[in-house]
Structure formats: structure tokens, C-alpha cells
Amino acid sequence: MSNTTVDASKRTWLIASGCAGVVGGAATAVPFVASFQPSERAKAAGAPVEVDISALRPGEKMTVEWRGKPVWILKRTPEQIASLQKTEPQVADPKSDRNAYPTPDYAKNQGRSIKPELFVAVGICSHLGCSPSDKMQPGPQPSLPDDWQGGFLCPCHGSTFDFAGRVFKNKPAPDNLEVPPHMYLSDTRLLIGEDKKG
């Protein structure tokens with residue numbers, strides 16, 4: 001056997017193993033590089049959420065998820081809307097002026113909403129991140145004042161909120177419930193996470 005035959009044989013093996021290495025490296029690199037791209041779930045977590053509210057009746061509340069947070073959509077009754085006038089002097093920030101959770105300009109009103117009957121809020125207490133419970137029934141109840149008009153109670157430390165998510169005075173929660181950016185696409189479709197300014 002001559003040296004040129006050995007060299008050619010070695011060269012063939014070197015080229016073949018080099019090609020296999022490149023293919024193997026590419027096969028390994030593609031999933032690795034792809035792992036740097038956000039997943040569809042991660043992309044969706046920050047995306048606006050469209051909600052059908054056509055079946056929501058007065059006095060009912062539904063919860064949807066946006067950015068991993070529970071978002072409440074409450075269709076208030078005329079009585080619940082009227083109760084906001086009664087709770088106005090009892091809440092800590094009636095005009096939503098505090099800016100730990102800035103309230104969109106279109107929700108800086110007594111109902112903290114675009115439409116008086118529909119209230120949209122993130123259902124997380126501004127104190128320690130617990131989720132308040134529905135306490136819609138007015139009147140005396142355990143852990144609530146005798147003149148309770150209805151709203152929400154955070155069971156962790158007793159913060160109470162009215163039907164506009166405004167925190168009552170002298171409670172642990174430092175701020176009202178957050179009102180997320182939102183807009184109505186129609187009378188029955190709501191978009192959470194985006195508004196006309198966005």
C-alpha cells in the first residue's frame with residue numbers, strides 16, 4: 001500500500017467524520033438557539049385578551065386571565081352602581097389619584113370604568129397579592145361593617161373594596177384594585193390589555 005492510498009483513505013474518513021460533526025452540531029444548535037425565542041404561551045401571556053361578555057347578566061362576575069393575573073369583569077346592577085355614591089366618603093382614594101397602580105384616564109371616575117355598568121379590574125389585592133373574595137350581598141356580615149354596601153373582602157388581612165375596587169380607609173391595602181388597559185370592540189366584545197392609546 002502506498003502512502004497516497006493511506007492519505008486518501010484518511011482524508012475520506014476525516015471528511016466523513018467532519019461532515020457528521022457539522023450535521024450533529026447543527027442538529028444540536030437549532031433547538032438550543034430556538035430555546036432563546038419566547039414560547040407561544042409566553043407570547044400569549046402578554047398579548048391582549050378578547051372576551052365575549054354577551055352572556056354576563058347584571059350582578060354577575062366573570063374572571064379571565066391576562067398576563068397571568070385574574071381579571072374580573074363585573075356587570076353591576078343599578079343598586080351596585082348607586083352604592084358607589086354611599087361609599088365615596090369611606091374609601092381612601094375616591095378619585096384614583098394614587099399612582100402605585102396608575103388608573104387609565106377613562107376610568108378616573110366614580111365607577112372606575114368606561115361604561116357605568118361594567119367594571120374591569122385585576123383581582124389581586126394591592127397589599128400582598130392575595131385575591132379578594134366576593135362579598136356582593138349588602139348588610140352586616142362577619143369581618144364586614146354593619147353598613148356594608150357590597151363589594152370585595154381580602155381574607156388575608158381584611159382589606160375591603162367597594163364595587164369600583166376602591167379600598168376603604170384604614171385598611172392594609174395601600175391602593176385601589178388595578179384597572180387594566182381595556183376597550184370595547186362592540187357591545188358584547190371586550191379587549192383587555194390594550195386601549196385606543198395603545
Side-chain angles (χ1 to χ4, degrees), residues 31 33-78 80-81 83-84 87 91-136 150-156 159-167 173-198:
V33 170
S35 71
F36 288 120
Q37 300 297 321
S39 68
E40 289 304 313
R41 184 174 179 183
K43 288 179 195 172
V49 176
E50 191 172 328
V51 185
D52 180 358
I53 56 172
S54 62
L56 202 57
R57 293 196 166 106
E60 290 182 346
K61 183 184 94 174
M62 64 187 297
T63 304
V64 297
E65 185 178 337
W66 171 67
R67 292 189 175 176
K69 301 174 188 176
V71 175
W72 297 341
I73 304 161
L74 170 65
K75 189 163 189 177
R76 295 183 280 217
T77 64
Q80 291 170 338
I81 295 169
S83 76
L84 299 177
T87 58
V91 296
D93 184 18
K95 305 291 184 213
S96 298
D97 292 327
R98 295 180 182 172
N99 53 10
Y101 297 99
T103 301
D105 287 340
Y106 49 80
K108 283 197 168 203
N109 52 51
Q110 190 174 63
R112 299 183 75 229
S113 60
I114 297 170
K115 297 182 177 189
E117 71 279 10
L118 287 162
F119 175 57
V120 180
V122 175
I124 297 176
C125 181
S126 58
H127 181 222
L128 292 176
C130 303
S131 188
S133 304
D134 296 349
K135 293 294 181 183
M136 308 269 193
F152 311 100
L153 167 69
C154 185
C156 299
S159 293
T160 48
F161 303 87
D162 69 3
F163 283 118
R166 301 179 299 180
V167 67
D175 210 343
N176 296 333
L177 296 179
E178 179 185 358
V179 174
H182 64 282
M183 63 188 211
Y184 293 90
L185 302 175
S186 71
D187 287 341
T188 60
R189 306 295 296 176
L190 174 67
L191 188 66
I192 298 168
E194 190 176 307
D195 55 28
K196 290 176 184 163
K197 288 196 270 182

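Computation of the quantities below employed the complete heavy-atom set of this structure, encompassing side-chain atoms and omitting hydrogens, waters and symmetry-equivalent molecules. In what follows, residues are counted from 1 in the order of the sequence shown.
Between atom CD1 of residue I73 and atom CE of residue M62 there is a gap of 5.0 Å, rounded to the nearest 0.5 Å. Summarising the geometry, atom NZ belonging to K61 is positioned 4.5 Å from atom CH2 belonging to W72; distances are rounded to the nearest 0.5 Å. The structure places CG of D162 at 11.0 Å from CD of Q80, a figure rounded to the nearest 0.5 Å. For the atom pair CG of L185 and CG of L190, the computed distance is 7.5 Å after rounding to the nearest 0.5 Å. Atoms CH2 and CD1, from W66 and I192 in turn, are 8.5 Å apart once rounded to the nearest 0.5 Å. Note that OG1 of T87 and CD of Q110 are 7.0 Å apart. Values are rounded to the nearest 0.5 Å.
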task: Please report the C-alpha distance between F152 and D134 in whole Å, then the side-chain angles of each, then the deciding distance to 0.1 Å, and finally whether the side-chain contact (heavy atoms from CB on, under 4.5 Å) criterion is met.
output: CA-CA 5 Å; F152 311 100; D134 296 349; 3.6 Å; yes

- request: Would you please test D187 and K115 for salt bridge (Lys or Arg N to Asp or Glu O under 4.0 Å) and show each step?
  value: CA-CA 10 Å; D187 287 341; K115 297 182 177 189; 3.5 Å; yes

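Here the side chains of V120 and S113 are not in contact, with every heavy-atom distance at 4.5 Å or above. Inter-residue side-chain proximity for R67 and P180 is flagged as unmet; no heavy-atom pair is nearer than 4.5 Å. The side-chain heavy atoms of P104 and V179, taken from C-beta on, include a pair separated by under 4.5 Å.
Contact record, P155 with P132: CD-CA, 4.2 Å, taken as the closest heavy-atom pair. Across P94 and R166, no two heavy atoms sit closer than the pair O-NH1, 3.6 Å. When all heavy atoms of G111 and L84 are compared, the closest pair comes out as CA-CD1, 3.7 Å. Among all heavy-atom pairs drawn from P174 and S126, the shortest one is CD-O, 3.2 Å. Across all non-hydrogen atoms, the minimal contact from Y106 to H182 is OH-N, 3.0 Å. The nearest pair of heavy atoms linking L74 to F163 is CD2-CD2, 3.8 Å.
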Show me the donor-acceptor pairs, under 3.5 Å and distance only, between side chains in residues 50-58 and residues at least two apart or in other chains.
from	atom 1	to	atom 2	distance (Å)
E50	OE2	R189	NE	3.0
E50	OE2	R189	NH2	3.2
D52	OD1	S54	N	2.9
D52	OD1	S54	OG	2.7
D52	OD2	S54	OG	3.4

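Side-chain N or O atoms of R76 include none that pairs as donor or acceptor with a backbone N or O of I81 at under 3.5 Å. Here the side chain of N176 pairs a donor or acceptor atom with the backbone of D93 at under 3.5 angstrom. The backbone N or O of G123 lies less than 3.5 Å from a partner atom in the side chain of S131, making a donor-acceptor pair.
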